[in-house]
Amino acid sequence: TVSLLYESVIDRQAQQTSEAIANHTFSTMFMIMSQGWSRAEMENFVDVTQSAYANSPFEIALYRGAKVKRLYGEVAQRQSDEAVDRTFDGAGRQVLEEATHTRRLYPVEARQECLSCHANASPGDVLGVIELRQDKQAISTEMRRDYIMLFLLFGVFTFLIASLISAFASRRINDSVAQFGNRLSSVNSVTD
């Protein structure tokens, strides 16, 4: 029960963390774009952002929308799936819980200040999607292993304490029965 409750807390914390990372990535990207950046700077940003989470349970991917591709060309990126396509189609922010991981999809929507570089866009158009994928299995497996070890340790400890208490109580009862038996054996007849 404690393990399940703790996993629930970890899931909520993971969702808050992934939302903060997605917001931070968007804010950084928006700040850099508002200063005007080249394709090389954009590709460097993507590489640095992805490598920043290399040794963590988080994996980040950026997807370019069709309007950005028309203006600035293709870049190497993951193949989009149905959920990413829905985000491009205006589904808004999405959180997808899957068995082993959580996916957060964050649309990069055009603002008025974006239109100077993205002339083919209108405010509110989805120019890109930030995907943040968090591996839940690594932490869940480690947490369950720790809980099992703790449970076994306390189980053995509880068994030892119960055995000692049982042995102590049993000895007291056996001593009382033996004393009663000794007193009873000294009675030889009804008159005694």
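Applying the salt bridge (charged side-chain N to carboxylate O under 4.0 Å, His left out) test to every pair with at least one member in residues 146-174, sequence neighbours left out, gives no pairs at all.
Taken from NZ in K69 to CZ in R64, the straight-line distance is 9.0 Å, to the nearest 0.5 Å. Here the straight-line distance linking atom CD of Q112 with atom OG of S122 works out to 9.5 Å at 0.5 Å rounding. Atom CD of E98 sits about 11.5 Å away from atom CG of D135, to the nearest 0.5 Å. Rounded to the nearest 0.5 Å, atoms OG1 (T49) and CD1 (I21) are 11.0 Å apart.
Within 6.0 Å of CG on N174 lie more than 12 heavy atoms contributed by other residues, nucleotides or ligands. Crowding of E82 atom CD: a count of heavy atoms from other residues, nucleotides or ligands under 6.0 Å not exceeding 12.
The side-chain hydrogen bond (donor to acceptor under 3.5 Å, both in side chains) test with E131 is passed by exactly one of Q94, R103, R104: R103. Just one of Q134, R133, E97 meets the side-chain hydrogen bond (donor to acceptor under 3.5 Å, both in side chains) condition when paired with T102; it is E97.
Two residues are said to be in side-chain contact when any heavy atoms from C-beta on lie closer than 4.5 Å; T87 and Y106 fail this criterion. With contacts defined as side-chain heavy-atom distances shorter than 4.5 Å, the pair R111/P123 does not qualify.
Counting Ile, Leu, Val, Met, Phe, Trp and Tyr side chains that sit under 4.5 Å apart, directly or through other members, L150 shares a hydrophobic cluster with F154. Side-chain contacts under 4.5 Å among hydrophobic residues (ILVMFWY), followed directly or transitively, place Y63 together with V84, F88, L96, L105, V126, V129. Under a 4.5 Å side-chain heavy-atom criterion applied to ILVMFWY residues, the cluster that includes I173 comprises V177 as well.
A pairwise comparison of heavy atoms in D85 and S80 identifies OD1-OG, 3.0 Å as the closest pair.
In terms of modelled atom types and a separation under 3.5 Å, the side chain of N23 and the main chain of E19 share a donor-acceptor contact. For the pair N120 (side chain) and K67 (backbone), a donor-acceptor distance under 3.5 Å is present. For D125 (side chain) and L127 (main-chain N/O), no donor-acceptor pair under 3.5 Å exists by modelled atom type.
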*asked:* Quick one, T28 with F45, criterion side-chain contact (heavy atoms from CB on, under 4.5 Å). Give me CA distance, side-chain angles, the key distance, then yes/no.
replied: CA-CA 9 Å; T28 305; F45 171 79; 3.6 Å; yes
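Transitive grouping of hydrophobic side chains (ILVMFWY, heavy atoms separated by less than 4.5 Å) brings V75 and M29 into a common cluster. Residues V68 and I130 are members of separate hydrophobic clusters, defined by side-chain heavy-atom contacts under 4.5 angstrom among Ile, Leu, Val, Met, Phe, Trp and Tyr.
Remark: H118 pairs with Y72 by the ring-ring contact (aromatic ring centres under 6.0 Å, His included) rule, at least two apart or across chains.
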Kindly list each side-chain donor-acceptor pair under 3.5 angstrom involving residues 160-168, sequence neighbours excluded, with atom names and distances?
{"from": "S163", "atom 1": "OG", "to": "F159", "atom 2": "O", "distance (Å)": "2.9"}

